[in-house]
A.B. asks: 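Dropping the structure in here first, questions after.
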Amino acid sequence: MRVPTEFAHPLFFPDGQMLDTLPDEPFPRLLKHVPFYYDIVRVSPLPWEEIERSLPALVALWREDKEELERCFARRDRRAARGPIVRGLAYLLSALCWLNGRPAADVVRWEKMVAALPHKPANAVERLQFIFHRPDVYAAFVQLHELFIETEKLAGKQMAMKKRMTR
């Protein structure tokens with residue numbers, strides 16, 4: 001699979017723009033192996049059109065990696081923490097875009113992409129910049145966790161408003 005140029009950020013695809021065979025995994029588990037897979041291939045059902053289903057699934061993936069990160073930082077193993085934090089960062093970028101009813105589209109220029117989103121946590125770009133620059137430090141993990149909590153709250157609010165409007 002060729003990774004489109006707009007997704008080929010070196011943090012997520014350090015080996016370039018090609019991926020070997022893809023594991024046979026159900027939604028959303030493939031994201032553990034290929035960041036932004038559903039944003040790239042855009043197969044139905046589109047996750048940003050079904051946030052009631054897709055956002056909780058992303059949060060569940062994050063919680064798995066969060067537990068692993070807690071163990072890594074308890075051992076002071078920054079090297080082992082890097083992979084789960086980078087995955088969590090990819091989950092968060094997808095979650096923010098999906099929350100706003102759109103796919104992640106330009107990960108290479110993620111600052112512009114996030115800044116253009118109407119629904120996002122306060123100071124999201126600045127906080128994400130910190131994580132992007134030092135993804136293997138404990139403070140980045142804490143910041144990523146807080147961003148997930150705030151994004152979950154925004155998602156709950158969006159879903160409640162959507163429900164109320166469909167009544």
A.B. asks: Please round to the nearest 0.5 Å and tell me the distance separating atom SG of Cys97 and atom CD1 of Ile51.
C.D. replies: 12.5 Å

A.B. asks: So Glu70 and Lys66, do their side chains get closer than 4.5 Å, heavy atoms only?
C.D. replies: yes

A.B. asks: Would you mind listing every side-chain hydrogen bond (donor to acceptor under 3.5 Å, both in side chains) that reaches into residues 123-132, with sequence neighbours excluded?
C.D. replies: Arg127-Gln143, Arg127-Glu150

A.B. asks: A side-chain contact here means heavy atoms from C-beta on lying under 4.5 Å apart; do Met113 and Leu96 qualify?
C.D. replies: no

A.B. asks: Fit a plane to each ring of Phe148 and Trp62, take the angle between them on a 0 to 90° scale, and name the class: parallel (under 30°), tilted (30 to 60°) or perpendicular (over 60°).
C.D. replies: parallel

A.B. asks: Which pairs with one or both residues in residues 44-54 pass side-chain hydrogen bond (donor to acceptor under 3.5 Å, both in side chains), sequence neighbours excluded?
C.D. replies: Glu52-Lys162

A.B. asks: When rounded to the nearest 0.5 angstrom, what is the spacing between NZ in Lys112 and CG in Leu117?
C.D. replies: 14.0 Å

A.B. asks: A side-chain contact here means heavy atoms from C-beta on lying under 4.5 Å apart; do Val107 and Asp39 qualify?
C.D. replies: no

A.B. asks: Using the rule that two of Ile, Leu, Val, Met, Phe, Trp, Tyr join whenever any of their side-chain heavy atoms come within less than 4.5 Å, decide whether Ile40 and Val43 are in one cluster.
C.D. replies: yes

A.B. asks: Any chance you could measure Leu154, atom CG, to Met159, atom CE, to the nearest 0.5 Å?
C.D. replies: 10.5 Å

A.B. asks: May I ask you to test the Val108-Thr5 pair for a side-chain heavy-atom distance under 4.5 Å?
C.D. replies: no

A.B. asks: Taking atom OH as the centre, does Tyr138 end up with more than 12 heavy-atom neighbours from other residues, nucleotides or ligands that are less than 6.0 angstrom away?
C.D. replies: no

A.B. asks: Between OH of Tyr37 and CG of Leu30, what distance do you get to the nearest 0.5 Å?
C.D. replies: 5.5 Å

A.B. asks: If we only count heavy atoms from C-beta on, is the Leu128 to Leu92 side-chain gap below 4.5 Å?
C.D. replies: yes

A.B. asks: Could you tell me which residues satisfy salt bridge (charged side-chain N to carboxylate O under 4.0 Å, His left out) with Arg164, sequence neighbours excluded, listed by chain and number?
C.D. replies: none

A.B. asks: Counting only heavy atoms not in Arg42, do more than 12 fall under 6.0 Å of its CZ?
C.D. replies: yes

A.B. asks: Quick one: pull up CG in Asp77 and CD in Glu68 and give me the separation to the nearest 0.5 Å.
C.D. replies: 10.0 Å

A.B. asks: Rounded to the nearest 0.5 Å, what separates atom CH2 in Trp110 from atom CZ in Phe7?
C.D. replies: 15.5 Å

A.B. asks: Salt bridge (charged side-chain N to carboxylate O under 4.0 Å, His left out) for Arg63 and Glu67? Distances and angles first, verdict last.
C.D. replies: CA-CA 6 Å; Arg63 286 190 178 131; Glu67 288 178 16; over 6 Å; no

A.B. asks: What pairs meet the salt bridge (Lys or Arg N to Asp or Glu O under 4.0 Å) rule with one or both residues in residues 128-142, with sequence neighbours excluded?
C.D. replies: Arg78-Asp136

A.B. asks: Do any pairs count as a salt bridge (Lys or Arg N to Asp or Glu O under 4.0 Å) and have a residue in residues 88-101, sequence neighbours left out, and if so which ones?
C.D. replies: none

A.B. asks: Start with the C-alpha gap between Leu93 and Phe12, add the side-chain angles, then the distance that decides, and say whether side-chain contact (heavy atoms from CB on, under 4.5 Å) holds.
C.D. replies: CA-CA 12 Å; Leu93 289 175; Phe12 303 111; 4.0 Å; yes

A.B. asks: List the steps, then state whether side-chain contact (heavy atoms from CB on, under 4.5 Å) holds for Trp98 with Leu58.
C.D. replies: CA-CA 10 Å; Trp98 297 358; Leu58 272 181; 3.3 Å; yes

A.B. asks: Would you say the side-chain atoms of Asn100 pair up with the backbone N or O of His119, donor to acceptor, closer than 3.5 Å?
C.D. replies: yes

A.B. asks: May I ask you to decide if Phe73's main-chain N or O and Arg76's side chain share a donor-acceptor pair within less than 3.5 Å?
C.D. replies: no

A.B. asks: Assess whether side-chain contact (heavy atoms from CB on, under 4.5 Å) is satisfied between Leu89 and Phe132, documenting all intermediate values.
C.D. replies: CA-CA 8 Å; Leu89 191 53; Phe132 266 88; 3.7 Å; yes

A.B. asks: Check salt bridge (charged side-chain N to carboxylate O under 4.0 Å, His left out) between Asp65 and all other residues, then give those that pass, not counting sequence neighbours.
C.D. replies: Lys32, Arg87

A.B. asks: Can you hop from Val114 to Ile149 via hydrophobic side chains spaced under 4.5 Å?
C.D. replies: no

A.B. asks: Would you kindly confirm whether Val125 and Leu99 end up in one hydrophobic cluster when ILVMFWY residues are joined by side chain heavy atoms under 4.5 Å apart?
C.D. replies: yes

